[in-house]
Structures are given as structure tokens and as C-alpha cells.
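Some notes on the structure that comes next.
Each chain gets a letter, A, B and so on, in the order the sequences are listed, and its residues count up from 1.
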Protein chains: 2
Amino acid sequence: MLSFSDGDEAYLAELAEYVAIPSVSRDADPATMRRAATWLADQLGFAKARVEATGGHPAVIGEWLRAPGAPTALIYGHYDVQPTGDLSEWDSPPFQLTRVADTVRARGVSDDKGPVYIVLKVMKAFLAQEGVPPLNLKFLFEGEEEIGSPHLDGLLASHAEALSADVVISADGAMWRPDEPSLSLGSKGLVSMTVTVNGAAEDLHSGRYGGTVANPAHVLAAILASLHDSRGAVTVPGFYDGVPALPATRRREIAAVKFDERAYADGLGVSELAGEPGYSTLERLWERPTLEVNGFEAGGKYTVIPHLARAHISCRLVAGQVPTGVLAAVSGFIQARPTMGVTVSVIPDPGLVPAYSISVDHPAVRAAREALNAVYPGEAVLFAKIGGSVPATTLFEERLGLKTLFFSFSTSDERLHAPNEFLRIKRLGEGMRAWEVLLRELAMRLVGE
Amino acid sequence: MLSFSDGDEAYLAELAEYVAIPSVSRDADPATMRRAATWLADQLGFAKARVEATGGHPAVIGEWLRAPGAPTALIYGHYDVQPTGDLSEWDSPPFQLTRVADTVRARGVSDDKGPVYIVLKVMKAFLAQEGVPPLNLKFLFEGEEEIGSPHLDGLLASHAEALSADVVISADGAMWRPDEPSLSLGSKGLVSMTVTVNGAAEDLHSGRYGGTVANPAHVLAAILASLHDSRGAVTVPGFYDGVPALPATRRREIAAVKFDERAYADGLGVSELAGEPGYSTLERLWERPTLEVNGFEAGGKYTVIPHLARAHISCRLVAGQVPTGVLAAVSGFIQARPTMGVTVSVIPDPGLVPAYSISVDHPAVRAAREALNAVYPGEAVLFAKIGGSVPATTLFEERLGLKTLFFSFSTSDERLHAPNEFLRIKRLGEGMRAWEVLLRELAMRLVGE
């Protein structure tokens with residue numbers, strides 16, 4: 001067994017350096033992104049890690065091999081983070097690691113800088129204490145995960161040989177709950193878009209022009225309201241195309257999961273749960289596609305007819321749905337509405353992502369289960385799915401022919417993508433130990449080329 | 001005839017001083033508001049003008065009498081302005097008077113600082129050239145017009161004697177079009193409110209929580225979409241209560257107004273006009289109540305389920321509608337919808353305003369028509385209505401028993417309440433001449449006490 005004896009204080013000091021780099025892929029300048037990539041590459045100097053251009057934000061690629069013919073795992077993660085959003089909603093500066101009880105708060109600390117940091121420490125422990133890794137390892141950390149990984153496909157295509165492996169282990173993709181070990185056997189796909197309704201050239205006084213022109217806010221509200229029925233099912237024709245009926249076995253499996261709806265609702269601060277009729281909460285979360293309005297904006301508070309109204313929509317997809325088909329269905333449905341003198345446009349975000357899944361019998365899943373059993377003895381490992389989307393998984397499958405195991409020590413309640421993102425400190429030590437066991441188990445279970 | 005020979009440059013330099021005071025009644029500090037009031041009172045020193053406390057932003061009150069028993073006009077206006085909104089939408093600093101071709105741009109220059117400035121110059125011309133005004137004059141300039149005049153009622157009640165007069169002449173309330181003289185025989189009422197939908201305690205990741213909770217943005221969109229039918233009529237039960245059928249005579253009168261719908265649409269930048277079915281554009285603008293969503297906001301652009309969605313709604317009322325009844329109808333309709341675990345609140349803005357009207361046969365309307373004929377010879381004076389709301393008119397009627405004549409040289413296309421508000425420079429000279437004639441005509445037509 002490796003020794004991880006640095007202690008939380010040393011870990012947190014180092015992690016603080018990493019999160020202090022505001023690597024917001026959506027709008028950071030190239031120098032900042034490169035600084036984060038370089039920090040990561042420097043940590044993995046022994047693995048010949050290098051910052052690799054991609055056409056967008058650079059990636060970090062490295063390899064640390066044990067022996068020819070040994071099985072190879074490609075470790076994946078990302079160094080970019082979500083935008084902070086409104087700074088006034090943060091209780092401390094988002095890029096300053098702030099300890100709060102048994103957690104640390106910062107943008108990206110849970111998604112995905114903390115989980116990647118765990119990997120770095122495990123590597124250094126193997127290097128210092130055993131000199132070699134238990135199996136061949138390759139590394140790929142990208143800087144565009146939060147914007148849909150637009151250049152990952154090209155990178156994988158041009159580096160297919162260098163990145164060849166037997167499996168991908170992703171340090172991204174959170175555990176479902178903080179109080180039990182879980183593995184995710186899939187992730188939802190993602191299609192998202194911006195809907196813009198343009199009216200007059202300027203905001204108009206609601207009295208002096210009221211009653212003469214269509215109001216873009218009304219048109220957009222009508223569009224958004226038309227996307228679901230009154231009970232919460234998506235009404236867009238074609239949206240559910242290809243979604244298989246939920247097998248009875250899976251329904252039973254999900255029904256057996258201990259899940260306290262009341263506590264879940266209380267935890268979120270809502271009086272009741274809601275969603276597509278005919279499915280339980282967990283069925284909706286894991287097995288059913290969703291369409292959410294992520295936000296909208298128009299005008300101001302006062303008495304104008306706004307000249308523009310805009311909304312962002314994201315659809316989370318399940319296996320069977322074709323991303324381009326969903327995009328065409330939603331976009332076509334929106335644009336087919338009569339608009340009385342205003343114009344409606346739908347601009348898809350780059351990076352359509354199909355849903356992804358891995359079998360419970362895959363050797364990497366078995367190895368991961370062993371690793372979690374070692375760190376959380378006596379606790380059954382729950383098989384969940386990730387409601388979020390990890391576009392990289394599909395690309396690994398398509399470009400490298402590899403399945404991806406999600407093995408993150410982030411937890412899905414840690415305000416990922418929201419203000420006051422945090423990470424549980426104890427996950428650092430647990431994650432290091434688990435990664436050690438995982439790699440040893442993979443070395444035994446995977447068959448190298 | 002008075003001589004107005006200062007010239008535009010001198011006028012604009014003085015007006016620039018006035019608009020430079022950022023007297024935004026919604027959020028300026030008290031010292032700034034007082035500075036604007038004091039500037040105005042200083043200009044009217046000969047009229048014993050003073051800054052008067054109101055419980056909110058102060059008012060400016062003065063009087064300049066010709067003779068006991070002569071008729072008396074109370075001149076009304078306001079020194080407060082709308083918020084600037086997003087500064088990036090302004091082409092020059094909003095509180096710096098900026099000349100652009102034959103206009104000047106600044107927040108408040110058209111609503112209502114320019115029109116009030118015209119009054120000041122006419123008073124000074126009478127003072128310098130004739131020593132006395134043509135009739136008794138009283139002055140009332142408030143600092144809360146843009147927030148619904150919340151303290152005006154109390155001020156009128158406590159100063160009823162000091163403000164007693166035969167008619168009110170309002171320097172607020174724009175002309176309908178720039179290319180013909182018009183008088184407004186009424187204004188719409190106003191009821192406005194903020195609708196807030198609260199969901200979870202925080203924004204939630206749309207993947208990790210999608211399908212489990214109601215989305216406040218969906219609920220708000222459904223609420224807003226339910227307020228109108230697909231053709232543009234308001235669907236709220238009770239909204240149209242008390243609205244009289246439009247008389248055939250008025251319909252004919254409106255049909256006779258030269259109005260180029262295509263040019264109007266082009267001017268606003270929309271491909272077609274729209275509104276309540278069964279009425280022409282001008283009928284809707286002048287004679288029909290409206291309900292407009294002034295703006296909304298929720299979440300951000302990216303992949304969250306927003307925890308809160310908010311919209312502001314304003315209703316413009318016509319004679320016959322009871323403001324409290326409209327508020328109750330809209331608020332009740334909104335709150336009666338099922339919401340699936342989120343909460344909906346409706347907070348009315350202060351200052352409900354009923355609609356107002358003055359007869360075409362009122363002596364002040366006749367005097368005003370003469371004044372416009374003098375300044376715009378050969379051009380027929382059009383009788384329009386103000387789509388906007390001037391709460392003061394109702395209060396003058398209720399508290400002082402006075403009708404109000406709108407006599408402003410602002411024009412309704414001058415981006416009132418929007419970025420890049422402007423005033424046509426030629427209106428300064430035209431307005432001064434017209435006010436002179438108006439006051440002389442009033443002196444002859446009004447019967448003093």
C-alpha cells in the first residue's frame with residue numbers, strides 16, 4: 001500500500017494554487033488557460049507531460065509506462081472550469097480556495113480540479129514509493145470540457161496512436177451521493193441552443209407603443225411554455241424518438257434503491273418533486289431525457305416593451321436519441337410558431353453529445369467496485385447514472401474504440417456549475433487510496449495488447 | 001410678442017447643466033435629488049420657488065401672481081428621470097448632453113427636463129420684458145413622477161390652498177408625432193407588478209438534477225404565455241371590466257387620422273404591427289388597455305435549472321377600468337395556476353394610476369390649439385391620446401378639482417425611458433413661443449375666482 005501522509009493542509013495549499021488560476025474556458029484569455037495547462041504539465045513532468053495545441057484551449061498529454069505489453073489505462077480529466085456567474089452570489093472569492101468546515105469552496109474545486117489533483121498525488125506516490133506505475137498509464141487533460149470539448153475530436157484523431165490504450169479512466173463525473181459509494185454506468189447526452197426573439201430596433205415605452213407591436217417577451221414566453229405539457233412531459237414532436245421503453249428489470253433495480261424523496265426535496269429547498277409523468281424521480285433522473293430552460297432575459301424591470309428576448313435551452317439525452325435529430329426537432333418546433341412581426345432564431349451551441357453507457361461487467365467497472373469496497377468497506381456500491389454529459393466518452397469510443405470508466409471523487413451535490421461550488425475534504429484522501437487500488441486492480445484485470 | 005433671442009447654443013449650455021444632475025428617482029441618493037430640485041428652485045427665484053419636503057424626493061413649489069382675481073394656471077412638471085439601464089447601450093454618457101445633428105441626447109432631456117426648461121425660459125422672458133405674467137401662475141415640479149408619484153397625493157392634500165388654481169398645465173406628456181402639432185386629450189392609467197417564481201435554494205445542474213424538480217423558468221414562461229391569447233387579446237378574466245365599447249364617432253375620427261402603418265412599422269423596425277384583434281393600430285394605442293411583459297430574467301446562459309425566475313408586467317388602462325380591480329384580476333389569475341413545488345409571488349409596484357381625460361371643449365384645450373396654430377400655421381392640430389401614464393393628472397382632479405392640459409414639446413419617438421433618449425433642438429424655440437401664446441390665451445379664456 002502506498003503512503004499518503006502529506007496531510008490535508010499540504011494538499012489544500014497545493015490545490016489552492018491550482019484553483020487560483022481562473023481557467024474559465026468560456027471566456028478566459030489564452031494566457032490564463034495556458035497557465036493552468038502548464039501547471040498541470042509541470043506536475044506530471046516525470047510522465048513527459050506536455051502542453052499540446054488543439055486549435056482551441058490546449059490539452060495536456062503525457063505517458064508513464066511500466067512495460068511493453070502491459071495493459072494501458074488512459075487517464076482523462078479537464079483543467080477548465082465553468083464561468084463564476086454573478087459574483088454577488090458567492091460567499092467568498094471564487095478563485096480563492098476557502099475552507100468552510102469540512103469542505104473547501106472554489107470554482108472548479110469539485111469539477112474537475114480536485115478530482116484531477118487526486119490523480120496527481122497518486123502518481124507521485126507511485127513514483128516516489130515504487131518507481132513505476134502498476135500498469136502503463138497515459139494522460140489526457142483537456143481545457144474545453146465545459147464548452148462541449150469542441151477540439152477533442154480532432155486531437156484524438158491526430159494523436160490516436162499516442163493515446164491508444166485499453167480503457168479510459170475519467171477523473172470527471174461525480175458520484176451520486178455523499179454518503180455511499182457509487183459508480184456511474186452512463187451519462188446523458190447534451191444538445192443545447194440559444195433562442196432569440198427580435199422585435200423593434202429599440203426598447204419601446206410600454207404606454208406610448210403598447211398595443212401596436214408584438215412583444216418579443218410574450219413571443220418567447222409562448223415558445224418556452226409550449227415545450228412542455230402541463231404535467232411536465234416534453235411536447236416537441238420527435239423529441240422522444242428512439243428512446244426505448246424502460247425494461248421492467250431496470251425499473252425494479254431503481255425501485256430498490258434507497259431514496260428518500262422528502263429528504264431530497266428538502267435538500268434542494270422545494271416543497272415537492274416534479275417531472276415527466278409516468279416515471280419515478282430516479283427513473284426520470286437516470287433514464288429519461290429532459291428539456292430545461294436554463295435561463296432567459298429580456299428588457300428591464302420597468303415599463304418598456306423589450307426589443308429582444310433570449311433564452312438558453314439544454315436537452316439531456318438518453319441512449320437511443322440522436323443529438324442532431326433532437327436539435328432539429330426542437331429548433332423546427334420553435335421556428336414553426338407564428339410570430340406576428342418579430343423574428344425568431346435558434347442557434348445551437350457547438351458540441352452535440354450523445355448519451356453514453358458502460359456495462360456493469362466491464363473489467364474496469366469490476367476493478368472500480370473493488371477499489372470502492374477497499375475504501376468504503378461494508379458499503380454496497382450503487383450503480384447510478386450521470387445526469388450530466390461528458391462529451392469525451394463518446395469521442396473515446398468513436399476515435400479510440402475505448403470505453404470510459406467514471407471514477408471521480410466529486411459528489412453531485414457540490415454545486416457544480418453554480419455559485420459556491422465546493423468539495424468535501426475527506427474525498428481527497430479517500431480518492432487517493434481508491435485510485436491506488438483501482439490501478440492495481442486494472443493491472444490484474446485488463447489484458448494488454 | 002416676447003423676444004427669445006438667446007440662441008440654441010446658450011439654451012443648450014444651460015440645459016446641459018440641468019441634465020448633468022443624475023436625478024434618477026428610482027435609486028439616486030437624496031443629495032442628488034435635492035441638487036436637481038435646488039437647481040430648479042434657483043431658476044424660479046423670482047417666483048419665490050422653494051424646495052418642499054414630501055416624505056420622498058422633494059418637490060419645488062412657487063408662485064408668480066399677476067393680480068388678485070385674475071385666472072390662475074398651475075404649471076406642473078418633474079425633475080426626476082428614468083434609470084439609464086445598461087450603459088453599454090448608450091452611445092454617449094447619459095448625463096452629458098450630447099449634440100447629434102439637430103437633436104441633443106441625454107437621459108431626461110425629453111422626459112421631462114427639456115420641456116420644463118422651456119417653461120423656465122418663457123417665465124424669464126415675461127419677467128425681463130413685461131415684468132408680470134399674463135395671468136397668475138403657480139408652479140409644482142415633483143421628483144417622483146418616474147416612480148409613480150407616491151408622495152404627490154399627500155403634498156396636494158397638505159398644500160391644497162397654496163396650489164389652488166383654475167387649470168393645470170403639464171409640461172410633461174409628449175406630442176404624438178414630430179411632423180404635426182397635436183394635443184393629448186387623455187392618458188392611460190398604469191398598474192404594474194413584479195412576478196417572482198422561486199424554486200430550489202440554488203441554481204441546479206440541469207443534468208444532475210434535470211427531471212426531478214419543476215423549473216421556475218418553465219413555470220414563469222407558462223404564466224406569462226397564459227396572459228394573452230394567440231392573437232394578442234388579454235385573457236385574464238376581469239381585465240377588460242368597465243371598458244366601454246368604442247363609440248362609432250370616435251372610430252370614425254380615428255380612421256380619419258392620416259397614419260401610415262407601413263412607415264410606422266418601418267420606423268420601429270418591425271415587419272408587421274400586431275395587437276388585440278378587432279381594433280386598428282391607433283384604436284389599440286389610444287383607446288384600448290394593454291398588458292405588457294416589460295422584461296424577465298432567470299438563470300444564466302448555461303446549463304442550469306435556475307432557482308428563481310422573475311418578470312415585470314405593466315398594464316396600461318383606459319377610462320372605465322379600476323386600477324385596484326385590474327391588479328387583483330391579474331395577480332389572482334397568476335397565483336391561481338398550479339406550480340408543482342415552486343412558489344409564485346406577485347408584488348405590485350406602488351402608485352396605481354387610473355386613466356385620465358379632458359374634453360376637447362375645455363378652455364385650456366382651446367387655448368392650446370390657438371397656441372399651436374400660432375407656432376405651426378396652416379397645420380391642423382391632431383387630437384391624440386397619451387399611451388403613457390401621468391399619475392399627477394388624476395391627483396389634480398381628485399385633490400384640487402382641476403383638469404390638466406398636456407402641453408409638452410417632447411415627442412413620443414424620442415426614446416423616453418430607453419437608451420439614447422433625445423430631444424429635437426427646434427422644439428426649444430417652438431415650445432417657448434407656444435407657451436407664450438398659451439399663457440396669453442389662457443388669460444383671456446379662463447375665468448378667475
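Chain A forms the most heavy-atom pairs under 4.5 Å with one residue out of G210(B), G269(B), S187(B), and that residue is G210(B). Among Y264(A), F296(A), W286(A), the residue making the largest number of heavy-atom pairs under 4.5 Å with chain B is F296(A). Across V219(B), N215(B), N198(B), the residue that shares the most heavy-atom pairs under 4.5 angstrom with chain A is N215(B). Between chain A and the residues H228(B), R231(B), E283(B), R288(B), the largest count of heavy-atom pairs under 4.5 Å involves H228(B). Options P306(A), P419(A), A222(A) differ in how many heavy-atom pairs under 4.5 Å they form with chain B, and the most are formed by P306(A). Comparing P289(A), P216(A), A221(A), G275(A) by heavy-atom pairs within less than 4.5 Å of chain B, the highest count is held by A221(A). Interface summary for chain B: among V304(A), T290(A), L291(A), the most heavy-atom pairs under 4.5 angstrom belong to V304(A). Chain A forms more heavy-atom pairs under 4.5 Å with one residue of S280(B), A200(B), A274(B), A225(B) than with any other, namely A274(B). The most heavy-atom pairs under 4.5 Å with chain A, out of N420(B), L268(B), T343(B), come from L268(B).
In this structure, the portion of Q82(B) lying under 4.5 Å from any heavy atom of chain A is its side chain and not its backbone. Contact annotation for S230(B): only backbone heavy atoms (N, CA, C, O) come within less than 4.5 Å of a heavy atom of chain A. Both the backbone and the side chain of D413(B) come within contact range of chain A, each with at least one heavy atom under 4.5 Å from a heavy atom of that chain. Only the side chain of E89(B) has a heavy atom closer than 4.5 Å to any heavy atom of chain A. For I386(B), the part lying near chain A is the side chain, with the backbone staying farther off; criterion is any non-hydrogen pair under 4.5 Å. Only the side chain of L220(A) comes within contact range of chain B, with at least one heavy atom under 4.5 Å from a heavy atom of that chain. For R337(B), no part sits under 4.5 Å from any heavy atom of chain A, backbone or side chain. With a 4.5 angstrom heavy-atom cutoff, L204(B) touches chain A only via side-chain atoms. In this structure, the portions of A174(B) lying under 4.5 Å from any heavy atom of chain A include both its backbone and its side chain. Of the two parts of P83(B), only the side chain, counted from C-beta on, holds a non-hydrogen atom closer than 4.5 Å to a non-hydrogen atom of chain A. Both the backbone and the side chain of R208(B) come within less than 4.5 Å of a heavy atom of chain A. Residue L227(B) does not touch chain A at all, counting heavy-atom pairs closer than 4.5 Å. With a threshold of 4.5 angstrom between heavy atoms, R284(B) approaches chain A through its backbone and through its side chain. Contact of S314(B) with chain A is made through the side chain alone, with heavy-atom distances under 4.5 Å. For chain A, the nearby part of A418(B) is the side chain; its heavy atoms alone come within less than 4.5 Å.
Between R310(B) and E297(B), at least one side-chain N (NZ, or NE/NH1/NH2) sits under 4.0 Å from a carboxylate O, which counts as a salt bridge. Classification of R415(B) and E202(A) as a salt-bridged pair holds, one side-chain N sitting under 4.0 Å from a carboxylate O. Between R105(B) and E421(B) there is no salt bridge, since none of the side-chain N atoms of the basic residue sits less than 4.0 Å from a carboxylate O of the acidic one.
S182(A) places a side-chain N or O within 3.5 Å of a backbone atom of W176(A) that can act as its donor or acceptor partner. Formation of a donor-acceptor pair under 3.5 Å by the H218(B) side chain with backbone atoms of V293(A) is found in this model. S184(B) places no side-chain N or O within 3.5 Å of a backbone atom of K385(B) that could act as its donor or acceptor partner.
Summarising the geometry, atom CZ belonging to R262(A) is positioned 7.0 Å from atom OG belonging to S271(A); distances are rounded to the nearest 0.5 Å. With rounding to the nearest 0.5 Å, the separation of CZ in R107(B) from CG in L416(B) is 8.0 Å. In this structure, CZ in R26(B) is found 12.5 Å from OG1 in T84(B), a value given to the nearest 0.5 Å.
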Could you go step by step and tell me if T281(B) and E261(B) meet the side-chain hydrogen bond (donor to acceptor under 3.5 Å, both in side chains) rule?
CA-CA 8 Å; T281(B) 301; E261(B) 300 227 346; 3.0 Å; yes

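In this structure, D172(A) and E145(A) have side chains that are in contact, with non-hydrogen atoms separated by less than 4.5 Å. Between H417(A) and E146(A) there is a side-chain heavy-atom pair separated by less than 4.5 Å.
Judged purely by distance below 3.5 Å, without hydrogens or angles, the side chains of E292(B) and S206(A) never pair a donor atom with an acceptor atom.
Scanning both residues, T212(B) and Y209(B), for their nearest heavy atoms gives OG1-O, 2.8 Å.
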